[in-house]
Student: 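Handing you a structure now.
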Amino acid sequence: MDRILSSDVKSHVGSTVHIEGWLHKKRMLGGLTFINVRDRRGLVQVVLQDKDEVEKLRGMQIGTVLAVDGTVKDEPRAPGGAELHDAKLEVLVPVTDEPPIEIDKPIQHKAENLDTLFEYRVLNVRNLQEQKIFKLRSQLTRYIREFLDQHEFVEIDTPKFLAGATEGGAEVFKLDYFGKEATLAQSPQFYKQIMVGAYERVYEIGHSYRAEPSATTRHLTELTMLDIEMGFVSGHDEVLDMVGDMTQYALKKVYEEHGDTLKSLNAPELKLPEGGKIPRFTIAQIHDMYTKATGTDTTKEKDLTPDEERFISEHALKELGSDLVFATEFPIEAAKFYHKVDTEKGITMWADLLFRGLELATCPLRENNYQKMVEQMTKAGLDVNHEGFKYYLQAFKYGLPQHGGCGFGIDRLVEKTIGLANVKEATLFPRDINRLTP
RNA sequence: GGGCUCGUAGUGAAGAGGCCUAUCACGCCUCCCUGUCACGGAGGAGAUCGCCGGUUCGAAUCCGGUCGGGCCCGCCA
């Protein structure tokens with residue numbers, strides 16, 4: 001008999017069906033035993049009355065892989081409105097070791113117990129609540145791809161092994177590459193800019209590696225970044241509008257299509273700005289507002305403090321009804337060599353997109369003039385002939401239009417969409433400063 | 001890298017000098033139970049209180065060290 005899935009049981013009332021899955025829960029009431037069998041669609045309740053069938057489950061722990069043949073009966077008292085009767089069990093893979101954690105109840109996500117969460121990740125991904133997180137993650141990235149495809153972006157894949165240090169900023173992992181020193185990419189930035197020279201619009205969803213010794217709720221050493229780059233932009237606004245539209249598209253869609261799931265995970269209600277225009281504040285404005293509101297002077301800072309990120313997000317939500325807000329016009333001192341700067345205004349054409357209090361994306365406009373790039377790199381003390389730079393610079397030498405894009409944290413997007421407290425909770429197998437397993 | 005915190009059965013928690021021969025809940029084992037869905041009931045097993053040293057008549061509890069977590073800051077997605 002062919003296997004049917006849990007969600008199809010209801011439509012087979014009266015007939016005998018064959019299901020396969022994991023033993024998820026047993027409830028033994030003496031002459032009557034209920035078991036739940038889990039498959040990729042969910043759970044099926046099976047009722048056992050035959051003592052010999054119940055006896056097959058003796059010593060079988062949660063996780064035992066079962067095949068069940070039974071007659072589907074309409075039953076309003078059963079979850080899903082139907083259940084299997086007169087069941088014949090076959091143990092396909094017996095499990096006799098008691099699992100170290102319980103997987104049929106919501107898994108605790110308290111900060112002090114996150115270590116246990118990840119230590120038993122292999123098992124807790126079988127928990128239905130836990131599974132919702134990573135399904136939502138898959139759906140969010142699908143909607144992002146959908147939007148980008150609609151806007152003629154080409155998905156690319158770029159190498160993660162690099163020759164030597166490149167962008168500067170975050171610390172890089174160094175490793176031995178057949179006797180040469182290599183680094184792990186901290187972002188695909190150079191490659192996506194190079195690819196603007198081919199397709200104008202490109203994106204990549206891939207891993208980036210940061211050797212920052214950061215032990216916070218928002219850092220991973222291996223993170224999933226969405227990197228976007230688009231050429232022939234009229235200016236910084238066009239980049240911000242595109243990133244803003246994409247983010248809103250993905251969020252709106254996930255709330256529309258999976259609102260129930262989000263609700264069951266206690267996700268916050270989604271608040272997007274009327275008319276779709278994400279509010280913008282300059283860094284100077286935010287420093288000013290924060291200093292006035294709190295009495296802590298941040299006006300000398302070149303970046304926002306984490307508390308300022310929370311502050312301006314709260315302001316945008318309360319006053320402007322938006323979960324999203326752009327922090328724009330970073331001071332010129334914060335500029336990196338590849339940023340486009342406005343020397344007259346003394347600003348960098350760089351904005352951060354904040355979502356529910358957290359930096360979600362960095363969205364700069366790039367310097368695209370070859371001579372200026374060489375000047376800015378030299379000024380930054382970089383060797384333009386280094387093999388980590390020379391191929392990158394070829395793209396500029398042979399013509400790149402004005403372009404910009406973003407580096408966008410997928411892990412953080414999932415975290416904040418669901419309302420989790422730590423980016424690691426949104427990551428299946430997180431890598432941080434003290435965790436390299438599972 | 002700096003600061004602050006926390007380590008007690010498999011899991012989550014209580015105990016804060018003697019009441020501890022360490023308590024509770026879930027899970028596990030045995031038995032009872034025909035509509036459970038956090039099933040219920042009776043009984044049982046399971047912990048050198050992270051580790052090392054010290055103070056004390058007496059340490060899970062106080063002190064020092066050490067190892068392992070967590071949170072915040074810096075930095076960043």
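Quick caveat, the model's predicted, so the values are computed rather than measured. Convention: sequence-line order gives letters A, B, ...; per-chain numbering from 1.
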Student: Rounded to whole angstrom, note down the P distance from B/A60 over to B/G50.
Tutor: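 Here B/A60 and B/G50 have their P atoms 10 Å from each other.
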Student: Side chain of A/R310 only, please: which of B/C73, B/C75, B/G1 is the nearest?
Tutor: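 The listed nucleotide nearest to A/R310's side chain is B/C73.
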Student: Please tell me which of the listed nucleotides, B/G70, B/G27, B/C75, lies nearest to the side chain of A/E212?
Tutor: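 For the A/E212 side chain, the nearest candidate turns out to be B/C75.
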Student: Please pick, from B/G27, B/C72, B/A77, the nucleotide with the shortest atom-to-atom distance to any side-chain atom of A/A215.
Tutor: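 Within the option list, the nearest is B/C72.
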Student: Less than 4.0 angstrom between a side-chain N/O of A/K105 and OP1 or OP2 of B/U11, yes or no?
Tutor: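 For B/U11, OP1/OP2 do not have a side-chain N/O of A/K105 under 4.0 Å.
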Student: Using OP1 and OP2 only, check whether a side-chain N or O of A/R210 sits under 4.0 Å from B/C76.
Tutor: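 Result: no.
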Student: When you check the phosphate oxygens OP1 and OP2 of B/A77, does a side-chain N or O of A/S208 lie under 4.0 Å from one of them?
Tutor: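 Indeed not, no polar side-chain atom of A/S208 lies that close.
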Student: It should be established whether A/R218 places a side-chain nitrogen or oxygen under 4.0 Å from OP1 or OP2 of nucleotide B/C73.
Tutor: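 So the side-chain polar atoms of A/R218 do come within 4.0 Å of the phosphate oxygens OP1 or OP2 of B/C73, strictly under.
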Student: Taking the P atom of each, how far is B/C29 from B/A22, in whole Å?
Tutor: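 After rounding to an integer number of Å, I get 25 Å for this pair.
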Student: Name the pairing partner of B/C4, where a pair is Watson-Crick or G-U wobble with both distances under 3.5 Å, or state none.
Tutor: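 In the structure as shown, B/C4 has B/G70 as its Watson-Crick or wobble partner.
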Student: Counting any heavy atom closer than 4.0 Å, what does A/E309 reach on the DNA or RNA strands: base, sugar-phosphate only, or nothing?
Tutor: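 Base contact.
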Student: Could you verify whether a donor N or O on one side chain and an acceptor N or O on the other, from A/T221 and A/D432, lie under 3.5 Å apart?
Tutor: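 Short answer, no.
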Student: Say you pick atom P in B/A42 and the same atom in B/C24; how far apart are they, in whole Å?
Tutor: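 B/A42 and B/C24 have their P atoms separated by 13 Å.
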Student: Between B/G35 and B/U48, how far is it from one P atom to the other, in whole Å?
Tutor: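 That atom pair is separated by 42 Å.
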Student: Measure from the side chain of A/N422, starting at C-beta and using heavy atoms only, and say which of B/C76, B/C71, B/G10 lies closest.
Tutor: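 The closest nucleotide is B/C71.
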Student: Do A/F173 and A/Y209 have ring centres separated by under 6.0 Å?
Tutor: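 Between A/Y209 and A/F173, which both carry aromatic rings, the centre distance is not below 6.0 Å.
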Student: Tell me which nucleotide among B/A77, B/C71, B/G35 gets nearest to the side chain of A/L114.
Tutor: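 When the side chain of A/L114 is considered, B/C71 is the closest of B/A77, B/C71, B/G35.
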Student: Quick check: on RNA chain B, is the nucleotide nearest A/T221 upstream (toward 5') of the one nearest A/R435, or the reverse? Name the residue that is more 5'.
Tutor: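 Between the two, 5'-proximity favours A/R435.
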Student: Considering every strand shown, what is the Watson-Crick or G-U wobble mate of B/U21 when both distances are under 3.5 Å?
Tutor: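 Paired with no nucleotide.
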Student: Quick one: label A/Q108 by what it contacts on the DNA or RNA (base, sugar-phosphate, nothing), any heavy atom closer than 4.0 Å.
Tutor: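 Sugar-phosphate, backbone atoms only, no base.
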Student: Which whole number of Å gives the distance between the P atom of B/C51 and that of B/A77?
Tutor: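 Between the two P atoms, the distance is 42 Å.
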Student: Do the side-chain N or O atoms of A/K302 get closer than 4.0 angstrom to the phosphate oxygens (OP1, OP2) of B/C75?
Tutor: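 So the side chain of A/K302 is outside the cut-off, no N or O lying under 4.0 Å from OP1 or OP2 of B/C75.
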Student: Starting the side chain at C-beta, find the nucleotide from B/C76, B/U36, B/G10 nearest to A/F34.
Tutor: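 So the nucleotide nearest the side chain must be B/U36.
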Student: Could you work out which one of B/C76, B/G35, B/C71 sits closest to the side chain of A/A111?
Tutor: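 Selected nucleotide (nearest to the side chain): B/C71.
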Student: Could you check how far OH of A/Y120 sits from P of B/G10, rounded to whole Å?
Tutor: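 Distance check: A/Y120 OH to B/G10 P gives 9 Å.
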Student: Going by modelled atom types, is there a donor-acceptor pair between the base of B/U5 and the side chain of A/E112 at under 3.5 Å?
Tutor: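 In this structure, the two groups form no donor-acceptor pair.
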Student: What is the separation between atom CE on A/M28 and atom P on B/G41, rounded to the nearest whole Å?
Tutor: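 It is 18 Å, rounded to the nearest whole Å.
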Student: Taking atom C1' in both B/U56 and B/C63, compute the distance separating them and give it to the nearest angstrom.
Tutor: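 The answer is 12 Å between these two C1' atoms.
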Student: Just checking, is any N or O donor in the side chain of A/K340 or A/Q402 under 3.5 Å from an acceptor N or O on the other one?
Tutor: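 Yes, A/Q402 and A/K340 have a side-chain donor paired with an acceptor closer than 3.5 Å.
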Student: Cation-pi check for A/F326 against A/R280: NZ or CZ below 6.0 Å from the six-membered ring centre and within 45 degrees of the axis, yes or no?
Tutor: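 Positive - A/R280 is close enough to the ring of A/F326 and near enough to its axis.
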Student: Expressed in angstrom and rounded to an integer, what is the separation of A/Q45 atom CD from B/C37 atom P?
Tutor: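 Atom CD in A/Q45 sits about 10 Å away from atom P in B/C37.
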Student: Just to be sure I understand the rule, does A/L223 reach a base, reach only the sugar-phosphate, or reach nothing, if contact means heavy atoms closer than 4.0 Å?
Tutor: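 Since a base atom lies under 4.0 Å of A/L223, the category is base.
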Student: Just to confirm, is there a sub-4.0 Å distance from OP1 or OP2 of B/C31 to any side-chain nitrogen or oxygen of A/R58?
Tutor: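 For A/R58, the contact criterion (side-chain N or O under 4.0 Å from OP1 or OP2 of B/C31) is met.
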Student: Distance check needed: B/C76 P versus A/D411 CG, whole Å only.
Tutor: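 To the nearest whole Å, that distance equals 18 Å.
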Student: Would you kindly give the CG-to-P distance between A/D115 and B/G70, to the nearest whole Å?
Tutor: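 Spelled out: CG on A/D115 to P on B/G70 is 5 Å.
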Student: Pick the closest RNA chain B nucleotide for A/T305 and for A/A421 by heavy atoms, then say which residue is nearer the 5' end.
Tutor: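 So the residue in question is A/A421.
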Student: Examine B/C72: is either OP1 or OP2 under 4.0 Å from a nitrogen or oxygen in the side chain of A/T216? Give yes or no.
Tutor: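 For B/C72, neither OP1 nor OP2 has a side-chain N or O of A/T216 closer than 4.0 Å.
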Student: Starting the side chain at C-beta, find the nucleotide from B/C76, B/U36, B/C73 nearest to A/R27.
Tutor: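 Per side-chain heavy atoms of A/R27, the pick is B/U36.
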Student: How is A/E83 classified with respect to the nucleic acid when contacts are heavy atoms under 4.0 Å: base, sugar-phosphate, or nothing?
Tutor: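 Base: the residue A/E83, judged by heavy atoms under 4.0 Å, touches a nucleobase.
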Student: Classify the side-chain pair A/E367/A/H339 by whether it contains a donor and acceptor separated by less than 3.5 Å.
Tutor: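 Looking only at side-chain atoms, A/H339 and A/E367 do not form any donor-acceptor pair under 3.5 Å.
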Student: If B/A60 has a Watson-Crick or G-U wobble mate with both distances under 3.5 Å, name it; if not, just say none.
Tutor: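 Looking at the geometry, B/A60 pairs with no nucleotide.
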Student: When you compare B/G7 with B/C62, how far apart are their P atoms, in angstrom units rounded to a whole number?
Tutor: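 Result for the P pair: 10 Å, nearest Å.
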Student: Say whether A/N36 and A/K26, considering side chains only, have a donor N or O and an acceptor N or O under 3.5 Å apart.
Tutor: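 Side-chain D/A pair, A/N36 to A/K26: absent.
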Student: Determine the Euclidean distance between corresponding P atoms of B/C37 and B/G44; express it in Å to zero decimal places.
Tutor: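 After rounding to an integer number of Å, I get 25 Å for this pair.
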Student: Distance check: side-chain N/O of A/Q61 vs OP1/OP2 of B/C29, anything under 4.0 Å?
Tutor: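 It does, given that an N or O in the side chain of A/Q61 lies less than 4.0 Å from OP1 or OP2 of B/C29.
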Student: Give the rounded distance in Å between these two atoms: CG of A/N434 and C1' of B/C71.
Tutor: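 Value for this atom pair: 13 Å.
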Student: Are OP1 or OP2 of B/G7 and a side-chain N or O of A/N113 less than 4.0 angstrom apart?
Tutor: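 No, because none of the side-chain N or O atoms of A/N113 sits under 4.0 Å from OP1 or OP2 of B/G7.
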Student: Whether the A/D307 and A/T305 side chains hold a donor-acceptor pair (N or O, under 3.5 Å, no angle test) is what I'd like checked.
Tutor: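 Result is no, nothing qualifies.
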Student: Please work out if A/L220 contacts a base, only the sugar-phosphate, or nothing of the nucleic acid, heavy-atom cut-off 4.0 Å.
Tutor: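 Base contact.
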Student: Heavy atoms only, 4.0 Å cut-off, all strands: where does A/T217 land among base, sugar-phosphate and nothing?
Tutor: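 If one applies the 4.0 Å heavy-atom cut-off, A/T217 turns out to touch the sugar-phosphate alone, with no base involved.
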Student: Atom CG of A/L29 and atom C1' of B/G41: how far apart are they, to the nearest Å?
Tutor: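 From A/L29 CG to B/G41 C1': 12 Å.
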Student: Distance alone, cut at 3.5 Å: any donor-acceptor contact between the side chains of A/H85 and A/E83?
Tutor: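 Yes, a side-chain donor-acceptor pair sits under 3.5 Å.
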Student: Whole Å only: how far is the NE2 atom of A/H109 from the C1' atom of B/U11?
Tutor: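 A/H109 atom NE2 is separated from B/U11 atom C1' by 14 Å.
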Student: Measure from the side chain of A/H85, starting at C-beta and using heavy atoms only, and say which of B/G1, B/G35, B/G12 lies closest.
Tutor: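 Nearest to the side chain of A/H85 among the choices is B/G35.
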Student: Taking atom NZ as the centre, does A/K132 end up with more than 12 heavy-atom neighbours from other residues, nucleotides or ligands that are less than 6.0 angstrom away?
Tutor: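 Yes.
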Student: Measuring to OP1 and OP2 of B/U11, would you say a side-chain N or O of A/N124 lies under 4.0 angstrom away?
Tutor: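 No, because none of the side-chain N or O atoms of A/N124 sits under 4.0 Å from OP1 or OP2 of B/U11.
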Student: Charged N to carboxylate O below 4.0 Å: is that the case for A/R356 and A/D323?
Tutor: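 Yes, this pair counts.
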